[in-house]
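Numbers for residues simply follow the sequence, beginning at 1.
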Amino acid sequence: MDVQENPLDGWNADLYQDKHQFVWEYGGDLIQLLNPRPSERILDLGCGTGQLSQQIADFGAEVIGIDSSPKMIERSRANYPHLTFQVGDATNFHFDVSFDAVFSNAVLHWVKPPQAAISCIKNALKPSGRFVVELGGKGNIQSIITVLQSLLTENAARPPVDHPWYFPRIGEYASLLEEQGFRVIYAACFERPTPLEGHLGIQNWLKMFTQVWLQDYSETEKQELYQKAAEKLKPMLYRDGIWVADYVRLRIIAHL
């Protein structure tokens, strides 16, 4: 396999595994859509710390997990040493053998341009292969984005920086797949309010998922932003003592 390592690894694998279990816990439903079968060869694209790779392997499939973060790959190998995990870029990976399916949960909204990832996925699949994906859909975490953008524009000393995510509409993403030869056989977009763990849930979420966006800010500046954001978001996202993120998810099954 040829891979290109991501030089910017802002991921905290410990924080991800300890405080953001919902990422893979919700992914269990997606595995039902994948319907892995014994002896199938399946690629887990953006495997994180490996929990969903193991669940797929439990069905008897041969699984390879790739992630752009060396820290995530190190943790996934420690968690599941019997499985194969490798560092890989979703827009620039190649395997010498083909897969029956490519599976991706909560990853491809980080990947730009989306066409490059779709091309790699197509090239990795067998002629009859399938692609099963969940990513953030249009409107995902809109409250969080709006508040952070507002806070960042208040700092006149820094030019505003747009958020790093790609949250498409159903038709937009389905069209990108169809342009590269996929047949979309299932597509759904739905709101999924997502509880965050603990009274610092939103701060931990921001610390986990905004490192790329805030890479030019010092740790002190980030902490100040997290605190101000939590204060502004509390009337919108804090319910009955629990932080609830305003997630919108897009799920698609596509075949070649």
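- The side-chain heavy atoms of Leu152 and Leu225, taken from C-beta on, include a pair separated by under 4.5 Å.
- Counting all heavy atoms, side chain and backbone alike, Ile42 lies closest to Phe99 at C-CD2, 3.5 Å.
- When side chains are defined from C-beta on, Asn123 does not count as touching His94, because their heavy atoms never get closer than 4.5 Å.
- Considering every non-hydrogen atom in both Pro193 and Arg239, the closest pair reads CB-NH1, 4.3 Å.
- Checked for salt-bridge contact, Glu219 and Lys222 meet the test: a charged N lies under 4.0 Å from a carboxylate O.
- Glu179 pairs by the salt bridge (charged side-chain N to carboxylate O under 4.0 Å, His left out) definition with nothing, not counting sequence neighbours.
- Contacts of Gln149 classified as side-chain contact (heavy atoms from CB on, under 4.5 Å), with partners at least two apart in sequence or in another chain: Ile145, Asp162, His163, Trp213.
- Side chains of Trp205 and Thr194 form no contact here, defined as non-hydrogen atoms less than 4.5 Å apart.
- Other members of the cluster containing Val97 do not exist, because no ILVMFWY side chain is joined to it at under 4.5 Å.
- Between Arg130 and Glu40, at least one side-chain nitrogen of the basic residue sits less than 4.0 Å from a carboxylate oxygen of the acidic one, meeting the salt-bridge criterion.
- Put simply, the side chain of Leu177 does not reach to within 4.5 Å of the side chain of Lys122, judged on heavy atoms.
- The only member of Asp246, Asp240, Ile242 that meets side-chain contact (heavy atoms from CB on, under 4.5 Å) when paired with Val244 is Ile242.
- Remark: Glu62 pairs with Arg41 by the side-chain contact (heavy atoms from CB on, under 4.5 Å) rule, at least two apart or across chains.
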Self-check item: Trace of the side-chain hydrogen bond (donor to acceptor under 3.5 Å, both in side chains) decision for Glu172 with Tyr166
Solution: CA-CA 11 Å; Glu172 176 185 351; Tyr166 168 66; 3.1 Å; yes
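- Each of Val63, Leu125, Ile121, Ile64 was evaluated against Leu43; a single residue qualifies, Ile64, per the side-chain contact (heavy atoms from CB on, under 4.5 Å) test.
- Residue Ala187 comes nearest to Ile170 through the heavy atom pair CB-CG2, 4.0 Å, listed as atom of the first residue, atom of the second, then distance.
- Pairs of residues two or more places apart, or lying in two chains, never qualify as ring-ring contact (aromatic ring centres under 6.0 Å, His included) while including a residue from residues 51-84.
- Under the rule for a side-chain contact (heavy atoms from CB on, under 4.5 Å), the partners of Ser98 that lie at least two apart in sequence or sit in another chain are Lys126.
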